[in-house]
Amino acid sequence: MSEEDRTTLKYLVNGPEDGPVLVLGPALGTTWHMWDRQIPELSRHWRVLRFDLPGHGGAPAHPASSVADLADRLLATLDQLGIERFGYAGCSIGGAVGAELALRHPHRVGSLALVSSSPRFGTADSFRQRGVVVRTNGLDPIARATPERWFTPAFAAAQPAIVDWAVQMVRTTDPGCYIAACEALAAFDIRPELGRIGVPTLVVAGADDQVTPAADARVLVAGIADARLALVPGASHLAPVEQPMAVTDLLVRHFSSSWQSSDQPTGMTLTGMTSTGVTAAPVPPLRPVGATPASGSEAAGFAEFAESVPEPLLDARADAYDQGIKVRREVLGDAHVDRAQSLADEFTGDFQDFLTRYAWGEVWTRPGIDRRTRSVVTLTALAARGHLDELASHTRAALRNGLTPTEIKEVLLHTGVYCGVAAANSAFAVAQRIIREETSPEG
């Protein structure tokens, strides 16, 4: 196992020491044991390295802030072992890590398999709301809903022991690390970048998967130049567990055909042994998407405007809006922001732009206090002034920013003392309704 620190991951290795390295990435809420049924066959051909996500399976509970952070920790682990080139297969968030590696470190990944994966997992709001549920209720409600998300009904009925094992995997995960992984998935979206993945890629989808349906797999195949799709009948989200033989056969065929020896090894080593290199396909250049050339008069007009405004001011205005819309979505949720923008017209559009730039891009992004504290201040001000519609939105935001229902209750009690009982009474009614909606367990 790796050193238990914040920069590496807990891992397990099987297979011949001089074999080419194949890395297996787990799904959210699972451990490396989700790949147990694949190991006997895969380890005949490759040196197989499995890893656990932070806080999963007894791994050190150091939450990862993003999928890129997980990819960096995996690379640091491989670097400690002297592994330069490797094949990679990952399930769900494990697939996201593999795609991130293929995008950011294409020289390291020789071949890729994305199992039950997606270029964007559901919606950002759904994962942030799941984090709220876990923060409020713990992981037990998520664990109890696991069978219907991970397995087909027929498998769940026929294999109760495996279902119980899956539930316990989720239940024993560190809640903070699970919430951090939900936040990482909420921010993950590589749809515009798929064309830059240049390694041979197998996309595996369970035919009955409702978490990452076949439509998501087809988006991956359509966007990645050298990709092919395999649908696994009778499988839901955790296809390697539900249909182990089919998934194993697909992986063996894919990595055997795409794993080509090189006359000049690249120095992939493990415990002092050197294996052959892996030949990766060339990475196609990134092309701008959706760019519309400006007409001559428009281009001239913009050039004249740009010359009259100092460059730092142009950059600052663009940065303020970009930062603002990002933070506004993270705090209030995509659904709220999309609704506000869809209702904006010629009369209200400038006000929406003002809110995004000033409130969200310049005030909410200031480093002086954190988002939890800003939520406390915002709830107090809205309750005191009786702005109940905004209070509803910001109660949801407070939960997403890490406040618990108990902490929100204390804020409103304090508000009642200093801002009036009537204001607090109305605020409690609104907050109670929102908290019940947001913290109801899934399923």
Side-chain angles (χ1 to χ4, degrees), residues 6 54-55 61-66 69 123-139 141-142 173-187 320 323-337 355-356 358-385 387-419 423-424 427-441:
R6 295 178 180 273
H62 302 310
S65 60
S66 64
D69 186 3
T123 65
D125 284 355
S126 66
F127 277 101
R128 293 189 180 113
Q129 201 268 341
R130 190 188 297 187
V132 169
V133 170
V134 174
R135 191 177 291 113
T136 306
N137 303 286
L139 273 166
I142 303 295
T173 298
D174 177 77
C177 289
Y178 190 96
I179 292 169
C182 287
E183 291 290 335
L185 287 174
Q323 282 294 313
I325 200 66
K326 178 177 181 291
V327 173
R328 192 178 183 186
R329 288 185 178 278
E330 289 173 353
V331 174
L332 295 179
D334 288 333
H336 177 93
V337 176
L355 286 178
T356 300
Y358 185 69
W360 296 102
E362 297 188 16
V363 176
W364 272 84
T365 56
R366 290 177 65 84
I369 55 177
D370 60 22
R371 289 186 188 177
R372 281 173 49 89
T373 306
R374 290 189 187 279
S375 279
V376 171
V377 175
T378 304
L379 291 177
T380 303
L382 293 174
R385 299 290 293 176
H387 299 308
L388 300 184
D389 287 343
E390 289 291 312
L391 179 66
S393 299
H394 277 277
T395 300
R396 288 191 176 91
L399 290 166
R400 288 188 176 125
N401 284 343
L403 267 68
T404 65
T406 298
E407 290 171 324
I408 293 173
K409 176 184 71 176
E410 293 300 325
V411 170
L412 297 182
L413 280 170
H414 206 74
T415 302
V417 172
Y418 290 96
C419 301
F428 263 105
V430 171
Q432 180 185 48
R433 172 174 59 84
I434 298 303
I435 288 170
R436 284 176 176 171
E437 291 175 1
E438 291 294 304
T439 62
S440 296

Engineer: Heavy atoms only: give me the nearest Ala424-Gly416 pair and the separation to one decimal.
Structural biologist: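 The pair with the smallest heavy-atom distance is CB-CA, 3.5 Å.
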Engineer: With heavy-atom distances below 4.5 Å as the criterion, would you say the side chains of Leu413 and Lys409 are in contact?
Structural biologist: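 With C-beta onward as the side chain, the pair touches.
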Engineer: With rounding to the nearest 0.5 Å, note down the distance linking OG1 in Thr395 to CG in Leu403.
Structural biologist: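 Going from the OG1 atom of Thr395 to the CG atom of Leu403 covers 10.0 Å.
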Engineer: My understanding is that only residues two or more places apart in sequence, or in another chain, count here; which of them pass side-chain hydrogen bond (donor to acceptor under 3.5 Å, both in side chains) with Asp174?
Structural biologist: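 Residues passing side-chain hydrogen bond (donor to acceptor under 3.5 Å, both in side chains) with Asp174: none at all.
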Engineer: Considering residues at least two apart in sequence or located in another chain, which fulfil the salt bridge (charged side-chain N to carboxylate O under 4.0 Å, His left out) criterion with Glu437?
Structural biologist: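 Counting only residues at least two positions away or on another chain, Glu437 forms a salt bridge (charged side-chain N to carboxylate O under 4.0 Å, His left out) with Arg396, Arg433.
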Engineer: Give a yes or no on whether the backbone of Val133 and the side-chain of Glu438 come within a donor-acceptor separation of less than 3.5 Å.
Structural biologist: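 Side chain of Glu438 to backbone of Val133: no pair is present.
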Engineer: Calculate, to the nearest 0.5 Å, the distance between atoms OG1 and CD belonging to Thr123 and Gln129 respectively.
Structural biologist: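 So the OG1 of Thr123 and the CD of Gln129 are separated by 9.5 Å.
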Engineer: Drop me the distance from Ser440's OG to Ile435's CD1, to the nearest 0.5 angstrom.
Structural biologist: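 The OG atom of Ser440 sits 11.0 Å away from the CD1 atom of Ile435.
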Engineer: Kindly give the heavy-atom pair with the smallest separation between Thr415 and Ala384, and that separation in Å.
Structural biologist: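 Nearest heavy atoms, Thr415 then Ala384: CG2-N, 4.4 Å.
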Engineer: Just checking, any donor-acceptor pair under 3.5 angstrom between side chains of Ser375 and Thr378?
Structural biologist: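 The criterion, which ignores hydrogens and geometry beyond distance, is not satisfied for Thr378 and Ser375.
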Engineer: Taking C-beta and beyond as the side chain, do Arg400 and Asp125 meet within less than 4.5 Å on heavy atoms?
Structural biologist: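 A side-chain contact under 4.5 Å exists here.
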Engineer: Give the minimum heavy-atom separation between Cys182 and Arg130, together with the two atoms involved.
Structural biologist: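 Heavy atoms of Cys182 and Arg130 come nearest at SG-CD, 3.8 Å.
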Engineer: Measure the OG1-OH distance between Thr173 and Tyr178 for me, rounded to the nearest 0.5 Å.
Structural biologist: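 Here the interatomic distance stands at 8.0 Å.
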Engineer: Any donor and acceptor pair, going by atom type alone, linking the side chain of Gln323 with main-chain N or O of Ala320 inside 3.5 Å?
Structural biologist: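 The answer is no, because no donor-acceptor pair under 3.5 Å joins these two groups.
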Engineer: How far does CG of Leu412 sit from CG of Leu391, to the nearest 0.5 angstrom?
Structural biologist: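 One gets 7.0 Å once the value is rounded to the nearest 0.5 Å.
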Engineer: Suppose we screen for salt bridge (charged side-chain N to carboxylate O under 4.0 Å, His left out). Which residues come up paired with Glu183, at least two apart in sequence or across chains?
Structural biologist: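 With neighbours one apart ignored, the set is Arg128.
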Engineer: Which residues pass the side-chain hydrogen bond (donor to acceptor under 3.5 Å, both in side chains) test with Arg135, not counting sequence neighbours?
Structural biologist: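 For Arg135, no residue satisfies side-chain hydrogen bond (donor to acceptor under 3.5 Å, both in side chains) once neighbours in sequence are set aside.
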Engineer: Do Glu330 and Arg371 come within less than 4.5 Å of each other through their side chains, counting heavy atoms only?
Structural biologist: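 When only atoms from C-beta onward are counted, Arg371 and Glu330 do touch, with a gap below 4.5 Å.
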Engineer: Do you know the tightest heavy-atom contact between Ala423 and Ala383?
Structural biologist: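 Answer, listing the atom of Ala423 first, then Ala383: CB-O, 3.4 Å.
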Engineer: Dump the intermediate steps for side-chain contact (heavy atoms from CB on, under 4.5 Å) on Thr365 and Trp360, then the final yes or no.
Structural biologist: CA-CA 7 Å; Thr365 56; Trp360 296 102; over 6 Å; no
Engineer: Is any side-chain heavy atom of Arg374 closer than 4.5 Å to one of Arg366?
Structural biologist: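 Yes. Closest side-chain heavy atoms under 4.5 Å.
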Engineer: Measure the acute angle between the ring planes of Tyr418 and His414, then classify it against the limits of 30° and 60° as parallel, tilted or perpendicular.
Structural biologist: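 If you compare the ring of Tyr418 with that of His414, the planes turn out tilted.
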Engineer: Side chains of Leu399 and Ile408: closer than 4.5 Å at any heavy-atom pair?
Structural biologist: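 With C-beta onward as the side chain, the pair touches.
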Engineer: Could you list the residues that satisfy side chain to side chain contact (heavy atoms under 4.5 Å, CB included) with Ile325, not counting sequence neighbours?
Structural biologist: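 With sequence neighbours excluded, Ile325 shows a side chain to side chain contact (heavy atoms under 4.5 Å, CB included) to Tyr321, Arg329, Val337, Gln341, Thr356, given in chain and number order.
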Engineer: Do the side chain of Asn401 and the main chain of Val331 share a donor and acceptor less than 3.5 angstrom apart?
Structural biologist: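 No: the side chain of Asn401 does not pair with the backbone of Val331.
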Engineer: Could you pull out all residues at least two apart from Ala64 that satisfy side chain to side chain contact (heavy atoms under 4.5 Å, CB included)?
Structural biologist: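 Listed in chain order: Pro54, Asp69, Leu70, Arg73.
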Engineer: Please name the pair of heavy atoms, one in Ala398 and one in Leu379, separated by the smallest distance, quoted to 0.1 Å.
Structural biologist: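 Scanning both residues completely, I find the closest heavy atoms to be CB-CD1, 3.9 Å.
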Engineer: Provide the closest heavy-atom pair for Leu332 versus Ser393 in the form atom of the first, atom of the second, distance.
Structural biologist: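 Heavy atoms of Leu332 and Ser393 come nearest at CD2-O, 4.0 Å.
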Engineer: Does atom CG of Asp389 have more than 12 heavy-atom neighbours, drawn from other residues, nucleotides or ligands, at distances under 6.0 Å?
Structural biologist: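 Counting neighbours around CG of Asp389, 12 or fewer heavy atoms of other residues, nucleotides or ligands fall under 6.0 Å, so no.
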